[in-house]
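Working notes, beginning with the structure itself.
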Amino acid sequence: MNIEELVEKVDWEKNGGVVPVVVQDTEGEVLTLAYMDREALRRTLETGYAHYYSRSQGRVRMKGEISGNLQVVREIRVDCDSDALLMKVEPKGPACHTGNYSCFYRKLGEPERVLPMDYSLTILRELEELIRKRKESPVEGSYTSRLFREGKERIYKKFGEEAVEVLVAENREALIYETADMLYHLLVLLAYNDVSLGEVMAELRRRRK
């Protein structure tokens, strides 16, 4: 059965074109609840990496495209009504934006627990390396590869759009989310121009002196 046939095995009409996806690790721990549309499932099947539909942004995103916390898909199951999916993944980092392994790390009524921030440049270096690989060896279904394929105008436009999203963010959570998007698109812009993050850090160090 080919990918398109598999995609159409899901009942997309019941919930307006999207279905909920329960995401588990290979040991059975629930990591998150996400959503997929046809395109998200298609890209997931094509690449082997989890892609989800962002209802807030109205577009498909690869999990970890920005953070580096990828999810390698090991199995996809469909429920008895064909309107929900269960996906078993091998996570390459936390599933939750708070840094916790699972989004379901707390009991009802318990406060949110944000793990200590890593102020090193490790995550940015890892993301820069992933972006470089997507530039040199494009991957079908990868948002990063598509940006490089579409070229300078698209890359610069996206960075500008994300910078504006930071400026108009309505609350703290939105500001964090949009800043992460902006940093990712900035790294893509730098990579397009063959400028490394190390060169930018060196310039900051020079100014500090």
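Model, not experiment: these values are computed from the prediction.
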Please list all pairs meeting ring-ring contact (aromatic ring centres under 6.0 Å, His included) that have one or both residues in residues 184-205, counting only residues at least two apart or in different chains. Y143-H185
Partner residues of K88 under the side chain to side chain donor-acceptor pair (under 3.5 Å) criterion, sequence neighbours left out: none
Pairs in or reaching into residues 104-115: which pass salt bridge (charged side-chain N to carboxylate O under 4.0 Å, His left out), with residues at least two apart or in two chains? none
Return each pair, listed once, that meets ring-ring contact (aromatic ring centres under 6.0 Å, His included) where at least one residue sits in residues 70-111; pairs must be two or more places apart or across chains. none
With sequence neighbours excluded, tell me which residues meet side chain to side chain donor-acceptor pair (under 3.5 Å) with T179. none
Only counting residues at least two apart or in another chain, list the ones meeting salt bridge (Lys or Arg N to Asp or Glu O under 4.0 Å) with E136. R132
Hydrophobic cluster partners of L70 (side-chain heavy atoms under 4.5 Å): Y49, M62, V72
Output every pair passing side chain to side chain donor-acceptor pair (under 3.5 Å) with a member in residues 28-42, not counting sequence neighbours, ordered by first then second residue. E4-R42, E8-R38, E13-R38, E39-R42, E39-R43
Return each pair, listed once, that meets side chain to side chain donor-acceptor pair (under 3.5 Å) where at least one residue sits in residues 167-176; pairs must be two or more places apart or across chains. none
For K135, what residues pass the salt bridge (Lys or Arg N to Asp or Glu O under 4.0 Å) criterion, not counting sequence neighbours? D194
Do I131 and L197 share a hydrophobic cluster, counting only Ile, Leu, Val, Met, Phe, Trp and Tyr and linking them when any side-chain heavy atoms are less than 4.5 Å apart? yes
Residues forming a side-chain contact (heavy atoms from CB on, under 4.5 Å) with S82, sequence neighbours excluded: D11, V78
Taken in chain and number order and not counting sequence neighbours, the residues that satisfy side chain to side chain donor-acceptor pair (under 3.5 Å) with R149 are none
